[in-house]
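Every heavy atom of this structure was used, including side-chain atoms; hydrogens, water molecules and symmetry mates were not. Below, chains carry the letters A, B, ... as their sequence lines are ordered, and counting in each starts from 1.
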Amino acid sequence: MSLVARRSTSADPSRWDRREQGVEGIHSPASTVLDTQFTVETPEHISFAFNIAGPFRRLMAYLLDLLLTQFLYWLIVIILMFVVSFFAVSIQMAISAEFAEFLTGVAVAIVLFGSFTVTWFYGAYTETYWNGQTIGKRMLSLRVLSTDGSAIDGSQATLRNFFRLLDLMPFVSPALLIGMEPELGEAFRVPTLGLGLLIMACTARFSRAGDWVAGTMVVFEPQLLQSKLAAFSDSRVASLASLIPNDFQISASFSQCLAHYVSRRGFLGPARCQEIANHIVPVLLERFRLPSDTDGDLLLCALYHRAFLSDPREQEAVSMAIPMIPEARIV
Amino acid sequence: MKVAELIEKRQSDWSELERLISELSQKVRKIDSIKLRRFGVLYRNACADLALVTAYQLPPDTTAYLHDLVARAHNQLYRSEAFQYRDWLFVLFVETPRKIFCDACVHISMLIFWGLFGLSAWLSYEQKLWPEFASSVVGEEQLERIVEMYSNFGGDRGLGGDVAMSGFYVFNNAGIGLACFVSMLFFLPGLVTLSFNAVYLGAVFGFMFRPENGDAGANFQNFVTAHGPFELTAIILSAGAGMRIGHKWLFTGGLRRADALRLGGREALPIVMCAVVLFVLAALVEAFVSPGNAAIVPWWMKGMVAVGSSGLLMVYFILLGYPWNRRSRLRRPLQQVGEIS
């Protein structure tokens with residue numbers, strides 16, 4: 001979309017404006033990257049945020065994949081070898097030595113060809129056919145998407161997996177570190193992932209070189225639990241809530257604040273609760289004409305109760321207000 | 001309506017959507033259409049809920065939950081696009097050869113490779129201009145080892161050995177080719193890989209063709225003839241494909257650098273896949289045809305294989321690649337822009 005916009009600037013300047021407004025969020029010069037979130041606008045005209053996965057979670061997924069592809073693969077290879085050599089002996093006796101040799105050769109070829117295929121095409125295949133996930137990514141709730149938030153296609157998956165080799169660079173020989181025989185050291189070279197990390201640090205979406213070339217990003221897609229509203233066993237909360245004057249409107253930001261407070265107060269000590277409450281409670285107590293020794297924590301809970309759980313008067317007000325509220329995010 | 005009631009009312013829908021998401025992520029093809037329709041409805045409803053979170057004044061963790069739910073549903077709805085097998089034939093036999101034929105990067109990498117190869121072979125063969133050239137490039141020991149290897153060449157290793165070696169050649173050579181492709185992103189490492197291969201191979205060729213290596217030289221010639229065309233073309237192609245991406249750093253054609261890279265990647269992928277196929281073909285030839293000594297596979301037969309494979313490459317790159325139809329050549333840049341949009 002944006003490419004065409006650039007090419008045809010002279011013909012249609014209005015397209016430029018759309019670009020400037022930053023339909024793509026992070027890309028646009030107007031918005032800077034503060035959080036590791038990426039806002040996507042869907043065809044349903046709704047925008048929602050993806051959490052972009054950081055390098056270390058992705059490293060874990062990669063290690064899992066590596067473990068699966070290499071370890072499991074070689075395990076199968078060893079079993080195959082055992083089976084083949086077992087049969088080879090009996091075939092050698094029954095038919096001929098040459099046929100047994102041929103069979104061994106076929107097994108070796110399968111192993112080597114398989115190793116090549118798995119090394120270079122495992123990620124490409126799984127990401128293409130499992131909707132942007134490998135086994136490791138699935139276990140860690142990661143998914144590869146295009147930079148515009150849509151799903152990737154086969155060529156993107158192939159490209160980004162080819163370029164993994166570049167991200168693993170530079171390969172360092174442990175011979176330098178532990179004084180191994182230089183010839184042995186040549187054979188065992190360990191990837192340091194330095195280049196990949198460097199590129200990730202320099203880009204907005206933690207793109208490694210492969211992501212960059214393929215135009216992809218990796219998002220973290222956790223399965224959040226459905227949150228329940230807090231329920232108070234203390235009956236004083238409800239009764240205190242009924243003492244709050246009916247004309248007191250709880251603003252949107254205040255209700256968010258209350259929700260944050262109530263969700264965390266279980267983890268705070270009573271003294272800390274009081275400290276937080278004291279920022280606002282004295283003002284509110286005065287306004288509600290309640291006795292000044294009312295418990296601050298209790299009052300905040302009562303306000304929460306009022307905002308989310310019961311609201312005798314606002315029932316009509318809110319339902320009428322919905323269509324008029326400007327910040328409703330229908331984009 | 002109060003928030004608690006609203007959440008309670010919507011919750012069953014959200015849970016159902018969640019169930020459908022997990023079902024879809026397990027097996028998309030086996031879901032019946034009624035469920036899929038239901039998924040669409042629920043997804044749109046969740047979208048609507050998300051749009052109205054501010055208006056409803058939902059608590060923040062419910063908002064986070066909705067973001068997550070919609071994102072997951074979105075990723076199940078818009079799925080990754082697999083390769084279309086029907087398009088493959090078109091891409092393989094019509095688009096790719098034309099692209100490669102007109103691709104300046106492939107031309108440059110061909111020039112670099114053959115230029116360095118020829119130069120190095122000549123230097124190594126001729127011995128007067130730079131007498132130590134071959135030994136300084138390849139190394140004295142390595143040269144001796146190669147001579148020794150080809151002196152005892154022609155030991156029949158049997159069909160099993162051939163099959164095993166074909167696997168090894170694919171593993172090794174295609175791996176090197178792909179590494180060359182990938183490291184071309186930063187130009188320099190890729191150029192080093194390409195040049196090193198050209199110079200090294202050239203030096204070995206020149207050295208082995210010296211008259212003093214009589215038997216070993218003949219055996220070497222015998223060995224390399226058959227698979228040469230496929231393998232060397234494959235190296236050139238993978239380097240050229242890498243260069244196609246790498247040069248987008250410098251010449252973006254008016255695009256943002258990231259977009260230019262992406263475009264380059266799309267253009268390069270068919271070329272490098274073509275190189276992989278050639279590597280596999282070369283490995284098969286190298287394993288089954290090349291190793292037989294003169295008694296089993298006479299040299300002229302290997303020569304025929306080389307001529308045949310070169311002929312195939314010619315047909316592919318020139319006959320299919322030449323832009324016979326001038327209009328198609330003109331249309332190409334426009335199509336490229338269209339692909340990204």
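- Between Trp120(A) and Phe162(A) the shortest side-chain heavy-atom distance falls below 4.5 Å.
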Assess whether salt bridge (Lys or Arg N to Asp or Glu O under 4.0 Å) is satisfied between Arg266(B) and Asp153(A), documenting all intermediate values.
CA-CA 11 Å; Arg266(B) 286 202 173 242; Asp153(A) 60 18; 3.2 Å; yes
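- The most heavy-atom pairs under 4.5 Å with chain A, out of Tyr65(B), Phe181(B), Phe168(B), come from Tyr65(B).
- For the set Ser263(A), Ala157(A), Gly154(A), the count of heavy-atom pairs under 4.5 angstrom toward chain B peaks at Gly154(A).
- The contact between Ser146(A) and chain B is made entirely by side chain atoms (from C-beta outward), counting heavy-atom distances below 4.5 Å.
- Ranked by heavy-atom pairs under 4.5 Å with chain A, the first of Pro189(B), Gly175(B), Ala268(B), Ser166(B) is Gly175(B).
- Looking at Ser255(A), only its side chain comes within 4.5 Å of chain B, counting heavy atoms on both sides.
- Among Ile152(A), Val111(A), Ile110(A), Thr117(A), the residue making the largest number of heavy-atom pairs under 4.5 Å with chain B is Ile152(A).
- A salt bridge is absent between Asp211(A) and Arg164(A); no separation between the charged side-chain nitrogens and carboxylate oxygens falls under 4.0 Å.
- Note that the CZ atom of Phe308(A) and the CD1 atom of Ile250(A) stand 8.0 Å from one another [nearest 0.5 Å].
- For a residue to count as touching a neighbouring chain, one of its non-hydrogen atoms must lie under 4.5 Å from one of that chain's; by this rule Leu145(A) touches chain B with the side chain only.
- Both the backbone and the side chain of Gln11(B) come within less than 4.5 Å of a heavy atom of chain A.
- For a residue to count as touching a neighbouring chain, one of its non-hydrogen atoms must lie under 4.5 Å from one of that chain's; by this rule Leu168(A) does not touch chain B.
- Put simply, of Leu58(B), Asn75(B), Ile21(B), the one with the most heavy-atom pairs under 4.5 Å next to chain A is Asn75(B).
- In summary, of the residues considered (Gln156(A), Gln133(A), Arg160(A)), a side-chain hydrogen bond (donor to acceptor under 3.5 Å, both in side chains) with Glu127(A) occurs for Arg160(A) alone.
- In this structure, no portion of Ala283(B) lies under 4.5 Å from any heavy atom of chain A.
- Note that the CG atom of Leu142(A) and the CZ atom of Phe220(A) stand 7.0 Å from one another [nearest 0.5 Å].
- Residue contact with chain A, scored on non-hydrogen atoms closer than 4.5 Å, involves the backbone and the side chain of Ser15(B) alike.
- Arg143(A) and Glu221(A) are joined by a salt bridge, as a carboxylate oxygen and a charged side-chain nitrogen come within less than 4.0 angstrom of each other.
- Leu69(B) places a side-chain heavy atom less than 4.5 Å from the side chain of Glu18(B).
- For the pair Arg10(B) and Asp13(B), the salt-bridge criterion is met [side-chain N within less than 4.0 Å of a carboxylate O].
- Side-chain atoms of Asn45(B) and Trp14(B) form no donor-acceptor pair, as typed in the model, at a separation below 3.5 Å.
- Counting heavy-atom pairs closer than 4.5 Å to chain B, the top residue among Ser207(A), Ser115(A), Gly210(A), Gly132(A) is Ser115(A).
- Proximity to chain A (any heavy atom under 4.5 Å) is restricted, for Asp68(B), to the side chain, taken from C-beta onward.
- Contact tally against chain A (heavy-atom pairs below 4.5 Å) for Val170(B), Thr63(B), Thr62(B), Val70(B): the top residue is Val170(B).
- Taking the six-membered ring where tryptophan is involved, the planes of His74(B) and Tyr78(B) are tilted, since the angle between them lies from 30° to 60°.
- Only the side chain of Ile7(B) comes within less than 4.5 Å of a heavy atom in chain A; its backbone stays farther off.
- For a residue to count as touching a neighbouring chain, one of its non-hydrogen atoms must lie under 4.5 Å from one of that chain's; by this rule Phe163(A) touches chain B with backbone and side chain alike.
- At a 4.5 Å heavy-atom cutoff, Ser253(A) makes no contact with chain B through either its backbone or its side chain.
- Only the side chain of Phe121(A) comes within less than 4.5 Å of a heavy atom of chain B; its backbone N, CA, C and O stay farther away.
- Contact annotation for Arg138(A): only side-chain heavy atoms (C-beta onward) come within less than 4.5 Å of a heavy atom of chain B.
- Residues Trp249(B) and Phe187(B) have side chains not in contact (no heavy-atom distance under 4.5 Å, counting atoms from C-beta outward).
- Residue with the most contacts toward chain B among Leu112(A), Val108(A), Thr128(A), Asn131(A): Asn131(A) (heavy-atom pairs, distance under 4.5 Å).
- With a threshold of 4.5 angstrom between heavy atoms, Ala214(A) approaches chain B through N, CA, C or O but not through any side-chain atom.
- Counting all heavy atoms, side chain and backbone alike, Ser47(A) lies closest to His67(B) at O-CE1, 4.3 Å.
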